[in-house]
Amino acid sequence: IAELELDLTHYVLAVRTLGRVAPPVAFTCAIVQLSTDVRHELGLLALQRGLAQSVAIERAMLCIVTGLATTLLCRVGARLLQQQERALHADLTRTAELLFAAAADSAE
């Protein structure tokens, strides 16, 4: 019983940690994306003025949006896991009380 509660607690902590790590990783990805794409205008992007910068900004925004969406998803997931953890704890407590009551009745 305690192992189930401990597993759920570990899952909640893991999801929360992923949610906390996602924004810094996303912003780092955006910075790297901007610096490499603007610095290295390769191929056909170099032929049109400003196209390389525009594509770099689009890719950087995609990194940021993905990071923020990951954070939101992790927060919702952690909240759902916490609700399940509370429900499981209540069920296990109720079951333990019923077992102790049944054991006390059979001992009499």
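In this chain, numbering begins with 1 at the start of the sequence shown. Note that the structure is predicted; figures quoted are calculated from it, not measured.
- Contact record, Val32 with Ser35: O-OG, 3.0 Å, taken as the closest heavy-atom pair.
- Atom CG of Leu88 is separated from atom OG1 of Thr95 by 9.0 Å, given to the nearest 0.5 angstrom.
- Pairing each heavy atom of Ala56 with each of Gln33, the nearest pair is O-CG, 4.2 Å.
- Of the candidates Thr71, Val76, Thr70, Leu72, Thr70 is the only one forming a side-chain contact (heavy atoms from CB on, under 4.5 Å) with Cys74.
- The minimum heavy-atom distance linking Cys63 with Ala30 is given by the pair CB-N, 4.0 Å.
- A distance of 9.5 Å separates CD of Gln82 from CG of Leu80, quoted to the nearest 0.5 Å.
- To the nearest 0.5 Å, the span separating CZ on Arg86 from CG on Asp91 amounts to 14.0 Å.
- At least one side-chain heavy atom of Ile57 sits under 4.5 Å from a side-chain heavy atom of Met61.
- Of the inter-residue distances, the one linking Gln84 atom CD with Arg79 atom CZ reads 14.0 Å to the nearest 0.5 angstrom.
- Of all the heavy atoms in Ala26 and Gly67, the pair that sits closest is CB-CA, 3.5 Å.
- The CG atom of Leu68 sits 5.5 Å away from the CZ atom of Phe27 when rounded to the nearest 0.5 Å.
- Side-chain contact between His89 and Thr93 is present, with heavy atoms from C-beta onward closer than 4.5 Å.
- For the atom pair CG of Leu73 and OG1 of Thr66, the computed distance is 12.0 Å after rounding to the nearest 0.5 Å.
- Heavy atoms only, all atoms of each residue included: Gly77 and Val15 are closest at C-CG1, 4.3 Å.
- With hydrophobic clusters built from ILVMFWY side chains whose heavy atoms lie under 4.5 angstrom apart, Val12 shares a cluster with Leu92.
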